[in-house]
Amino acid sequence: MDYNTAEIESRWKKYWSENNTYQVSDDTSKPKYYVLDMFPYPSGAGLHVGHPLGYIATDIFSRYKRQSGFNVLHPMGFDAFGLPAETYAIQTGVHPAKSTNDNIKKYIEQLSNIGFNYDWSRSVKTCDPSYYKWTQWIFTQLFDHYYDKDKDKAVSINKLIQKFEIGGSFSVNAAHALEEDFSAEEWKSFSDVEKNEILMQFRLAYQKIGYVNWCEALGTVLANDQIKDGLSDRGGHPVEKRAMKQWALRITAYAERLLNGLDLVDWSESLKAMQRNWIGRSEGAQVFFNIENNDKKIEVFTTRPDTIFGATYMVLAPEHDWVEELTTSDQKDKIDTYISYVNSRSEIERMSEVKEVTGEFTGSYAINPFTNERIPIWIGEYVLKDYGTGAIMAVPSDDDRDKAFATKFELPIIDVVDKTDYPGASLKDKVGKMINSDFLNGMEVKEAITAAIKAIEEKQLGAGKVNFKMRDTNFSRQRYWGEPFPIRYNEQGIAEALTLDQLPLMLPDTDDFQPAGGGKSPLARNTEWINEEAGYTRETDTMPAVAGSSWYFLRYMDANNPNELASKEKIEYWDSVDLYVGGTEHAVSHLLYSRLWHKFLFDIGIVSSREPFKKLINQGMIQGVIEFIYLQKEKGEGGQNIFVSQEVAQSNPDIEYAMIPVHIDFISSYGSKDSYLDLEGLKKFTKWWPSYKGAKFVSSTATYTDGGEDVDINMVTKSEVGKMSKRYYNVVNPDDMVEQYGADCFRMYEMFLGPIEQSKPWDTNGIDGVSKFLRKFWNLFVSENQLIVEDGTPSAEEMKVLHSTIKKVSEDIEKFSFNTAVSAFMVCVNELRALKCHKKLVLTPLVKLLAPFAPFLSEELWNKLEGEGSIHHQEYPKFDESYLKEDSIEYPISINGKKRASAMIPTDATKDEAEAIALGLETIQKWIEGKEIRKVIFVPKRMINIVV
RNA sequence: GCCCCUGUGGCGGAAUUGGUAGACGCGCUGGAUUCAAAAUCCAGUUCCUUCGGGAGUGGGGGUUCGAUUCCCCCCGGGGGUACCA
């Protein structure tokens, strides 16, 4: 009866699965609790030790909640559509469905090895037709709804058509992109194609021609967050802007609700800040400027309407629609030259040369509506086409960029804000007194903003307006491995949504995953599929991965329902996610889209909660240490590769080196600052990477040539903390850890590493401590193959140890402080060992207490104690305050805040009694000798401080 | 630049509403056991010290009887975001 992890784990894994120990019922008599992990993308590399960090935390928490009497839903599934599987298919010919399913199998096995309590009967995978049927259905609903601003919710598009028939577009207050209004009569006169185009400007899922980030190498459109520094995040390929017809979701219609909803949820401030930042609400005014000799009016958005008297020129984005019209004949050449210059510049250049000011004068003038001065209209790169209206009123006295522009092109500058009362304030700070501004003069900026908006509205020049930074991001991907859009086009090219009985629209099978060219997905070549029904063609783009992950948490509630995305009753019961744990990498896209879909499903009556995730914890990343060796760029004689150790490289700063990542298995003292490759490591390295055969290795003390004579050499490597990734050969696999130490140890060690939110590099330095703890725990029950648990009444001291542990552990779980909970278990075991306590009445509650942390060990011990059923259905112990009471407490006694002595003082002592004991102490007497006691502070159960 | 987080022994990290700084673990030192090693057990481990004590939670200042905790300024590390009008 030794503590044999492998044997115990395989036994109970089998038992749990055969007895459906973790199957969740929809037992509505119990209070529900929904604990969710962000489901993983099943990548070919498998799980690494970083993934389980959050999963272990939710596993502990869900087990704790179940034992505490809740009906707990804790499911797991797979975000199974996505680019990596398709890239892999192009490279190897293996169908994404096959590689994805293989990977999922591997993931499930790895997850089960760690002992997670998922109910696999509720699992989902986004690439399963029975799942994406509902992803497609939600999309059709988005397509069939528009956003009614009066009702502040999504409303059926049929209602919109009725309104158009009665009052044209004038009768509608909706989120839209319509350019010109129309009457009821005009509506009736429009052709079907025209009507459809207008409705597209209102639908929540709609098509638009937009500039997209096209990546030729990947053959697809990328989202903004898939691009880093102008290159694709994956692969680092160049990305260009290209005009394409794309599906988009009108997320901007929900901007205000997405922003306000953040006040309802218990998320970290930093995460909320990220979403607020992304939504980017700013208050200001929309103002129309008349153009000289033209009927058009330029619309601008400004957050500083107070500075309008200082607006001495205007700037349009170079891509603004009116640039051509506003350019006068004598400026045409210059404008054309400038525009072609702008077009020639890559995204990277534009971003890296932000400081440089460029622009050109169109030749036209606008009129400042407050000063009635003619002001020149320029175009300039610093004004962006897709923010605001793509045009600005420039106030060079109060904006850094306008100022730089005006200075360079010698445009007039009028000071309108006097900041002499605010010495440290920068130009953009909204403080100061208005000057040179007529009726605003003398007002403080904040006051002036309100007054200016009022004046703008009275003069009918515009209105106060709220602007959002957030854009409607596009929803089309030119890929195979995604959900097909449930859309078909009729002979006139009008898009129609498929009806529920036509869903799911299956992704056709193929063995050719190459993009079709011309920005089309591989589906575009499948003519049979495209033209499935006479007179109709199918949409060939597919949805982005974010589609399937936007609502998966609802499907878990009723995962196998063929008739609905989930039944009404089950959605009512499970309501929304009580606890959601996942990484920050999804802070914006996934969490924002999920919230959007949820709010939309709320509007159409599918869900009844306003926010999908009540509490959210961002687990930190477990990073890897990347070990590099320096390769001299210049090769030696005969093309010999020369590697040098860290100190040699650092003492030769003139020589250029390439950093070659080394597999961490070859490294000695891995993870420490002075990790190195010894002779054996070097031999493994050259064997593993044959192109470095015969290489020379130089350290500060020795030189070794591969294949030559053995030398005593230590090559110090460069260690960097970074991502754990296949590419850096630094992936640590949880399977190895589980095999070596056992799943319980692995779980508790990951929790013991530190706070769950914190990122930290993986190291196994402390794992022995946890392993020792588990063995000590086991030895409280078992010794020399005998169960040594005794009957008998525990002493007061033993009960105190038990109950203080129950208290500490429960409180720590409630506040997600798992590292301190593990530490409390260690303290407890140390104390019980010191007391030589083996009493059943102490140990039985302790097994239940440990069960969420170490499910295998505790199940085994529960079985040995002849407990009934599974430990994981036993009630969690509750602490009893009466065992924690003490007659007297050791008080620290300080003189002037500095601790000088301590004394046992009865718990119920009054201030005077305590003071008398403290002052009577010999050590204290010595300190206060010859000094006057000014004051004595007594904090019950805490401390005594004597002020002299 | 702006926003958010963060800074405590050799290391990972503890410290309720401000109340004994360094819990717990690793590592290290000494000892026991052993032919020896591993494992295990016991003791010690913030730094300085003339052994009285002194200093100490990134640095400087402040509030307080008392500050890792609250306030102000500065420095370092991490993340997000950006010609956003």
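Every chain is numbered from 1 and lettered A, B, ... according to where its sequence line falls, protein lines coming before strand lines.
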Classify the side chain of A:Arg942 versus the base of B:U17 as yes if they form a donor-acceptor pair under 3.5 Å and no if they do not. yes
I'd like to know if A:Asn945 reaches the base of B:C65 with its side chain, counting only an N/O donor and acceptor under 3.5 Å. yes
Just to verify, what does A:Asp415 make a salt bridge (charged side-chain N to carboxylate O under 4.0 Å, His left out) with, not counting sequence neighbours? none
Nearest-Å distance once atom [atom1] is located in both [N] and [M]:
{"N": "B:C74", "M": "B:A82", "atom1": "C1'", "answer": "25 Å"}
{"N": "B:G9", "M": "B:G44", "atom1": "C1'", "answer": "15 Å"}
{"N": "B:G76", "M": "B:G59", "atom1": "P", "answer": "15 Å"}

A:Lys760 side chain vs A:Pro755 backbone, donor-acceptor pair below 3.5 Å: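 Yes: the side chain of A:Lys760 pairs with the backbone of A:Pro755.
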Any sub-3.5 Å donor-acceptor pair from A:Ser759's side-chain atoms to A:Met621's backbone N or O? yes
Round to a whole Å and report the spacing from [atom1] of [X] to [atom2] of [N].
{"X": "A:Arg281", "N": "B:A85", "atom1": "CZ", "atom2": "P", "answer": "13 Å"}
{"X": "A:Lys760", "N": "B:C11", "atom1": "NZ", "atom2": "P", "answer": "17 Å"}
{"X": "A:Asn277", "N": "B:G1", "atom1": "CG", "atom2": "C1'", "answer": "13 Å"}
{"X": "A:Phe777", "N": "B:U40", "atom1": "CZ", "atom2": "C1'", "answer": "20 Å"}
{"X": "A:Gln623", "N": "B:G79", "atom1": "CD", "atom2": "C1'", "answer": "11 Å"}
{"X": "A:Lys272", "N": "B:U81", "atom1": "NZ", "atom2": "P", "answer": "20 Å"}
{"X": "A:Asn765", "N": "B:C28", "atom1": "CG", "atom2": "P", "answer": "10 Å"}
{"X": "A:Met943", "N": "B:G19", "atom1": "CE", "atom2": "C1'", "answer": "5 Å"}

Heavy atoms within less than 4.0 Å of RNA chain B: which residues of residues 306-314 of chain A have one? Give them sorted by number. none
Quick check on B:G56: syn or anti? Syn means the glycosidic torsion is within 90 degrees of zero. anti
With the 90 degree cut-off around zero defining syn, does B:G52 come out syn or anti? syn
Just to confirm, is there a sub-4.0 Å distance from OP1 or OP2 of [N] to any side-chain nitrogen or oxygen of [X]?
{"X": "A:Lys772", "N": "B:C26", "result": "yes"}
{"X": "A:Arg775", "N": "B:U40", "result": "yes"}
{"X": "A:Arg401", "N": "B:A82", "result": "no"}
{"X": "A:Gln758", "N": "B:G13", "result": "yes"}
{"X": "A:Arg833", "N": "B:C41", "result": "yes"}
{"X": "A:Asn896", "N": "B:G66", "result": "no"}

Candidate nucleotides [options], ranked by approach to the side chain of [X] - the nearest:
{"X": "A:Trp927", "options": "B:C24, B:U81, B:G53", "value": "B:G53"}
{"X": "A:Asn830", "options": "B:C24, B:A85, B:G19", "value": "B:C24"}
{"X": "A:Lys935", "options": "B:C84, B:A85, B:C65", "value": "B:C65"}
{"X": "A:Pro892", "options": "B:U20, B:C4, B:G25", "value": "B:U20"}
{"X": "A:Ala273", "options": "B:C4, B:A15, B:C83", "value": "B:C4"}
{"X": "A:Asn819", "options": "B:A14, B:G12, B:A85", "value": "B:A14"}
{"X": "A:Lys899", "options": "B:U20, B:C24, B:A85", "value": "B:U20"}

So that I can tick it off, tell me whether A:Lys808 and A:Asp812 are bridged by a salt bridge, with the cut-off set at under 4.0 angstrom between side-chain N and carboxylate O. yes
Under a 4.0 Å threshold between the charged nitrogen and the carboxylate oxygen, would A:Glu811 count as salt-bridged to A:Lys807?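 Salt bridge: yes.
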Could you walk me through whether A:Asp768 and A:Arg775 pass salt bridge (charged side-chain N to carboxylate O under 4.0 Å, His left out), step by step? CA-CA 11 Å; A:Asp768 284 340; A:Arg775 247 172 292 141; over 6 Å; no
How far apart are the closest heavy atoms of A:Ile617 and A:Lys615, and which atoms are they?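 Shortest heavy-atom contact: CD1-CE, 4.1 Å.
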So which heavy atom on A:Glu319 is nearest to which on A:Val342, and how close?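 Residues A:Glu319 and A:Val342, closest heavy atoms: OE2-CG1, 4.4 Å.
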Between [X] and [Y], do the side chains contain an N or O donor and an N or O acceptor separated by less than 3.5 Å?
{"X": "A:Thr307", "Y": "A:Asp398", "result": "no"}
{"X": "A:Thr473", "Y": "A:Tyr593", "result": "yes"}
{"X": "A:Thr389", "Y": "A:Glu299", "result": "no"}

Look at all strands and tell whether A:Glu811 reaches a base, only sugar-phosphate, or nothing, counting heavy atoms closer than 4.0 Å. nothing
Please work out if A:Ser270 contacts a base, only the sugar-phosphate, or nothing of the nucleic acid, heavy-atom cut-off 4.0 Å. sugar-phosphate
For RNA chain B, produce a single dot-bracket line, 5' to 3'. Pairs: Watson-Crick or G-U wobble, both distances under 3.5 Å. Symbols: ( ) within strand, [ ] crossing, | other strand, . unpaired. (((((((..(((......[....)))((((((.......))))))(((....)))..(((((..]....))))))))))))....
